[in-house]
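Computed over heavy atoms, backbone and side chain alike; hydrogens, waters and symmetry mates excluded.
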Amino acid sequence: MSTPMNARQAQTGAVRVGWWLLALTLVSVVGIFAAAWVTMLEGPQSLIQVVVNGEEIQFKPSGPLPPAHQVVLAGIGGLLALGTLAVVLVAVPLALLAAAAVVVVVLLAGVGLPLAVMGAVLALLLSPLWLLGWALWRAIRPARSIPA
């Protein structure tokens, strides 16, 4: 036999889920940061190479970036990834909500409007019968006595 969950248990469960989400977010931040840093280390050392008469011209200083620059660039990449994740977490549910709202409006307009029109036409067609029924009821009912 199942017993209903009390408010304290529900709150504890919500807190537990919140901690798991926080831990997952932190792990993803560290993972994005590490992936960006590894990409910076493994990437090409020159962004653009131009060779003129056999002499190579580089558009960035030769050699790898200093470690401090790599850390900053990896951090910027991680922040951009988190910003993108936040936008996706907001934009996707809003897009789904908008699509559901459109479906509801279309269904109401497609089904509800014809039913309302049919009800109005039926009421209009039956209005003489309602008027006749009201007139008969007024004629058949006993007369009201005037209190003295």
* Interatomic spacing from CG in L85 to CG in L80 - rounded to 0.5 Å -> 12.5 Å
All N/O donor-acceptor pairs, side-chain side in residues 121-135, below 3.5 Å, sequence neighbours left out:
| from | atom 1 | to | atom 2 | distance (Å) |
| --- | --- | --- | --- | --- |
| S127 | OG | L124 | O | 2.8 |

* To do: Could you pull out all residues at least two apart from V92 that satisfy side-chain contact (heavy atoms from CB on, under 4.5 Å)?
  => V88, L96
* **Heavy-atom closest pair, residues P114 and A109** => CD-O, 3.5 Å
* Structure fact -> To the nearest 0.5 Å, atom OG1 of T84 lies from atom CG of L89 at 11.0 Å
* **Non-neighbouring partners of W20 that pass side-chain contact (heavy atoms from CB on, under 4.5 Å), sequence neighbours left out** => R16
Pair up each side-chain donor or acceptor in residues 23-36 with any protein partner under 3.5 Å, not counting sequence neighbours, and list the distances.
| from | atom 1 | to | atom 2 | distance (Å) |
| --- | --- | --- | --- | --- |
| T25 | OG1 | L21 | O | 2.8 |
| S28 | OG | L24 | O | 3.3 |
| S28 | OG | T25 | O | 2.6 |

* Asked: Transitive ILVMFWY cluster of L94 at side-chain heavy atoms under 4.5 Å: who else is in it?
  -> V90
* Name all residues meeting the side-chain contact (heavy atoms from CB on, under 4.5 Å) criterion together with L108; count only those two or more places apart in sequence or in a different chain, and write none if there are none. => V104
